[in-house]
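Since the structure comes first, as structure tokens, the remarks are kept for the end.
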Amino acid sequence: MPNLGLKNIESCTVPMKKLLPAILASFAAIGLANTAQAADIVPNAQAGAGKIAMCVGCHGIAHYRTAFPEVYQVPKIAGQSATYLQAALKEYKEGTRKFATMQAIAAPLSEQDMADIAAYYSQQAPARAPATVPAPSPVVKAMLDKANCVSCHGANFSTPLDGSMPKIAGQHPDYLYAALKAYAAPETGVAYGRSNPVMRSLINGQYSLAELRQIADYLGHLPGDVQTVSESRFRK
């Protein structure tokens with residue numbers, strides 16, 4: 001396995017609580033910038049339904065797996081925030097989120113295309129009634145508290161602070177683990193990884209791989225809104 005730059009917890013010199021105000025301010029600035037840039041784009045979910053031919057082969061098949069950079073289930077995106085999905089597609093298009101298949105799919109998409117596809121998937125699975133979230137073990141709770149995850153993703157991890165942040169409750173645990181590791185991947189010289197500065201500051205060097213897996217397992221087994229809605233051509 002390549003060196004992901006994960007260090008011992010003791011190497012962290014800046015408490016997460018001191019970083020939190022700056023982190024939240026960064027999220028707010030990103031959200032405002034995205035809103036301003038997309039002011040003339042009106043998402044159309046119906047139009048999006050006609051633009052997902054390249055999406056359904058992975059995201060329309062339950063438990064479909066990718067094999068790079070390791071084997072894990074592709075994320076559930078039905079019911080995810082449209083703002084987050086649109087931002088993720090834009091990151092793939094710009095190369096700040098690296099994954100060859102998704103970068104190739106996003107490359108030809110216009111801003112309107114991305115908005116329409118995001119609107120389609122956000123409406124594909126209606127939000128469910130809030131569910132009681134099982135309490136984590138003391139060990140996992142300490143890990144979540146260290147990065148103050150609930151301050152951005154919500155107390156039940158399905159009600160993010162704003163739409164630019166994903167719903168993560170009920171997402172595939174193996175995908176969450178791969179995503180968390182991607183924030184610790186080197187920013188250059190690799191064909192995978194994510195450059196979001198907020199998440200990189202929270203993840204990189206703060207947790208061991210074993211701890212990231214424990215966090216992913218807990219979040220992935222929570223009740224959540226995100227789903228994989230099988231396309232009719234793939235249903236058995």
Side-chain angles (χ1 to χ4, degrees), residues 1-28 30 69-76 80-81 84 87-88 91 97-99 130-187 190 192-226:
M1 179 178 291
N3 180 6
L4 297 178
L6 294 168
K7 305 173 185 177
N8 293 329
I9 296 174
E10 290 77 12
S11 66
C12 178
T13 58
V14 182
M16 288 298 105
K17 289 183 179 179
K18 292 184 179 180
L19 286 175
L20 187 58
I23 289 169
L24 294 179
S26 297
F27 268 131
I30 292 169
E70 60 190 83
V71 176
Y72 60 86
Q73 296 177 87
V74 300
K76 305 173 186 179
Q80 186 61 270
S81 159
Y84 171 74
E91 289 172 9
R97 183 181 289 204
K98 300 176 186 177
F99 189 84
T132 301
V133 175
S137 69
V139 172
V140 172
K141 183 178 186 303
M143 296 176 199
L144 295 169
D145 288 348
K146 184 168 67 168
N148 206 356
C149 301
V150 298
S151 65
C152 293
H153 295 285
N156 61 359
F157 300 100
S158 286
T159 52
L161 180 65
D162 66 49
S164 67
M165 306 167 198
K167 301 175 182 180
I168 54 179
Q171 187 58 266
H172 295 302
D174 53 355
Y175 166 75
L176 290 174
Y177 177 58
L180 288 170
K181 290 198 300 180
Y183 289 114
E187 293 197 72
V190 295
Y192 60 94
R194 303 186 182 190
S195 300
N196 183 287
V198 176
M199 285 299 298
R200 288 186 70 86
S201 69
L202 291 172
I203 297 299
N204 206 351
Q206 311 306 320
Y207 300 93
S208 68
L209 292 176
E211 289 170 329
L212 292 181
R213 188 178 289 280
Q214 288 182 74
I215 291 171
D217 285 345
Y218 170 71
L219 295 173
H221 288 94
L222 296 178
D225 291 339
V226 292

Ignoring hydrogens and geometry, is there a side-chain-to-backbone donor-acceptor pair from [X] to [Y] under 3.5 Å?
X      : Y      : result
Tyr207 : Arg213 : no
His172 : Gly220 : no
Lys76  : Gly170 : yes
Lys98  : Glu187 : yes

Heavy-atom check, side chain of [X] versus side chain of [Y], under 4.5 Å:
X      : Y      : answer
Glu70  : Tyr177 : yes
Pro160 : Lys167 : yes
Pro173 : Leu219 : no

Given Leu144, Leu209, Val139, the one that forms side-chain contact (heavy atoms from CB on, under 4.5 Å) with Gln214: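 The single option meeting the side-chain contact (heavy atoms from CB on, under 4.5 Å) with Gln214 is Val139.
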Among Ile203, Leu202, Ile168, the one residue meeting side-chain contact (heavy atoms from CB on, under 4.5 Å) with Leu180: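 By the side-chain contact (heavy atoms from CB on, under 4.5 Å) criterion, Leu180 pairs with just one of Ile203, Leu202, Ile168: Ile203.
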What's the shortest heavy-atom distance between [X] and [Y], and which atoms?
X      : Y      : answer
Ser151 : Asn148 : OG-O, 2.6 Å
Gly163 : Ser81  : O-OG, 2.7 Å
Arg97  : Ala88  : NH1-CB, 3.8 Å
Ala169 : Val226 : O-CG2, 3.7 Å

Not counting sequence neighbours, list each pair that qualifies as a salt bridge (charged side-chain N to carboxylate O under 4.0 Å, His left out) and has a residue in residues 168-180.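 Every pair satisfying salt bridge (charged side-chain N to carboxylate O under 4.0 Å, His left out) with a residue in residues 168-180: there are none.
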How many angstroms lie between CD in Gln171 and CG in Leu222, if you round to the nearest 0.5 Å?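 The CD atom of Gln171 sits 12.0 Å away from the CG atom of Leu222.
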Quick one: CZ on Phe99 to CD on Glu91, what's the gap to the nearest 0.5 Å?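 It comes to 15.0 Å.
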Give a yes/no verdict on a cation-pi contact between Arg200 and Tyr183, requiring under 6.0 Å between NZ or CZ and the six-membered ring centre and an angle within 45° of the axis.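 No, a cation-pi geometry is absent between Arg200 and Tyr183.
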Do Asn156 and Ser158 pair up side chain to side chain, a donor and an acceptor below 3.5 Å, judged on atom types alone?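 Not at all, the side chains of Asn156 and Ser158 share no donor-acceptor pair under 3.5 Å.
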Using the six-membered ring wherever Trp is involved, compare the ring planes of Tyr175 and Tyr72 and label them parallel, tilted or perpendicular (cut-offs 30° and 60°).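 Tyr175 vs Tyr72 ring planes: tilted.
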